[in-house]
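Structure record follows, encoded as structure tokens.
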Amino acid sequence: MIDPASPYLSYVAAAYGACAVVLGGMTWRAWRGWRRVRDAWDRVQRRDRP
Amino acid sequence: MEPARFVALCGRVLPFAVALAVAMLAAGLLFSLALSPADYQQGESVRIMYVHVPAAWMALFVYALVAVLGGVGLAFGHALAFHAARAAAPLGAAFALLCLVSGSLWGKPMWGAWWVWDARLTSMLLLFFLYLGQIALSGAFDRQARGDRAAAVLALVGCVNLPVVKFSVDWWHTLHQPASVFKFGGPSIDPSMLLPLLLMAGAFKAVFFALWLIRTRTAVAASRVAAARLAGGAR
């Protein structure tokens with residue numbers, strides 16, 4: 001278990017924080033991109049359906 | 001593959017990909033923060049390795065993937081390959097950035113410096129810039145197809161940098177430590193640290209795969225929607 005008294009704790013926290021920001025940011029951007037296109041895609045699919 | 005079929009296939013695969021990514025990330029974080037020991041020399045700062053090294057591996061892997069997809073797109077004119085390459089490049093850039101930032105956060109307590117112009121660090125920074133150039137080039141043309149082709153050429157040329165990143169620690173005397181996992185004679189890292197490292201590497205790969213699916217699906221759908229709008233406007 002990580003030692004809360006470690007002098008390196010702030011560096012470890014910053015690295016995992018950066019990881020959370022990068023992974024979270026990528027996920028948010030990917031999902032937002034899909035949500036923007038999804039409705040238009042559904043309309044095209046409905047129109048093309050015989 | 002037909003765009004509608006690809007989008008439908010992504011919709012079916014995605015829940016499993018997301019579940020795998022979440023499960024692997026949870027296991028990876030549990031092992032890297034709670035169940036793995038501190039290093040006898042580096043103390044708790046060694047836990048930065050479980051973010052830094054998988055991010056570096058992913059940055060290299062995604063760049064190779066983007067180059068292969070670009071090559072397939074150039075050779076066969078396959079639109080899906082270009083969509084997939086365009087979807088992967090920003091993810092690879094994000095992993096390269098995470099590698100640089102976490103490396104800097106590890107370097108300060110261990111080396112006493114946030115940054116040194118060491119061969120490994122410099123070649124990784126170059127890889128990040130190659131990603132940025134590729135993303136910029138892809139969107140720099142009025143016609144997406146021209147941007148895709150230009151970005152694919154840059155990706156293929158930039159592949160020269162991949163062995164430089166990997167072998168820089170062997171070719172030059174660097175402050176950065178040499179390879180301890182992928183090397184002749186097997187890993188020299190203790191199993192208690194190798195397991196969390198591999199778990200986090202698997203988690204990053206699973207996260208990338210899930211996000212890559214979402215982004216490729218978005219790119220395919222967006223191009224289909226744009227084509228339908230053009231056709232609608234022409235009628």
Side-chain angles (χ1 to χ4, degrees), chain A, chain B residues 3-4 7-8 10 18 21 25 29 32-38 42-52 54-55 87 90-91 94-95 97-98 101-110 200 203-204 207-208 210-215 217-222 224-229 232:
Chain A
M1 188 71 181
I2 190 163
D3 176 14
S6 167
Y8 304 130
L9 193 67
S10 58
Y11 294 102
V12 175
Y16 280 79
C19 177
V21 167
V22 167
L23 295 188
M26 288 195 301
T27 305
W28 179 73
R29 277 185 61 90
W31 190 246
R32 187 189 63 168
W34 169 244
R35 283 188 62 185
R36 281 182 177 173
V37 170
R38 188 178 54 188
D39 293 340
W41 168 258
D42 287 343
R43 278 196 297 275
V44 168
Q45 289 304 108
R46 273 197 299 274
R47 195 195 65 186
D48 288 354
R49 207 166 286 148
Chain B
V7 171
C10 283
V18 170
L25 204 54
L29 286 173
S32 61
L33 288 175
L35 301 180
S36 70
Q42 302 192 32
E44 299 291 354
S45 77
V46 75
R47 297 183 196 282
I48 297 174
M49 174 177 72
Y50 307 127
V51 170
H52 173 71
L91 301 176
F95 281 119
L97 180 65
L98 179 59
V101 170
S102 58
S104 187
L105 287 163
W106 198 7
K108 181 61 180 167
M110 292 299 109
M200 283 298 275
F204 275 27
V207 168
F208 165 75
L211 296 180
W212 185 41
L213 272 183
I214 296 173
R215 290 180 58 89
R217 177 174 73 169
T218 304
V220 168
R224 178 75 183 84
V225 166
R229 279 182 185 152

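Convention: sequence-line order gives letters A, B, ...; per-chain numbering from 1.
With a 4.5 Å cut-off on non-hydrogen atoms, B:M110 touches chain A through its side chain but not through its backbone. In this structure, the portion of B:V207 lying under 4.5 Å from any heavy atom of chain A is its side chain and not its backbone. With a 4.5 Å cut-off on non-hydrogen atoms, A:V12 touches chain B through its backbone and its side chain both. The contact between B:A222 and chain A is made by backbone and side chain atoms together, counting heavy-atom distances below 4.5 Å. Only the side chain of B:L29 comes within contact range of chain A, with heavy atoms under 4.5 Å apart.
Highest contact tally toward chain A, considering only B:S102, B:S36, B:S45, is held by B:S45 [criterion: heavy-atom pairs under 4.5 Å]. Ranked by heavy-atom pairs under 4.5 Å with chain A, the first of B:A38, B:P109, B:A34 is B:P109. Between chain A and the residues B:L25, B:V46, B:L35, B:V225, the largest count of heavy-atom pairs under 4.5 Å involves B:V225.
With B:E44 contributing its side chain and A:D3 its backbone, the two residues share a donor-acceptor pair below 3.5 Å. Between the side chain of A:Y16 and the backbone N or O of B:R47 there is at least one donor-acceptor pair closer than 3.5 Å.
The heavy-atom pair separating B:I214 from A:A30 by the smallest distance is CG2-O, 3.5 Å. Here the closest heavy-atom approach between residue A:A18 and residue B:V101 is recorded as CB-CG1, 4.0 Å. Taking all atoms of both residues into account, the shortest heavy-atom contact from B:L211 to A:T27 is CD2-CA, 3.6 Å.
Annotation: the span from A:R29 atom CZ to B:L91 atom CG amounts to 10.0 Å, rounded to 0.5 Å. Taking SG of A:C19 as the start and OH of B:Y50 as the end, the distance is 14.5 Å to the nearest 0.5 Å. Remark: B:T218 OG1 to A:W34 CH2 distance equals 6.0 Å, nearest 0.5 Å. Distance check: A:L23 CG to B:F208 CZ gives 12.5 Å after rounding to the nearest 0.5 Å.
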- [ ] Let me see the working for A:Y8 and B:Q42 under side chain to side chain contact (heavy atoms under 4.5 Å, CB included), right down to the final yes or no.
- [x] CA-CA 9 Å; A:Y8 304 130; B:Q42 302 192 32; 5.9 Å; no

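Within 6.0 Å of the CZ atom in A:R32, the count of heavy atoms belonging to other residues, nucleotides or ligands exceeds 12.
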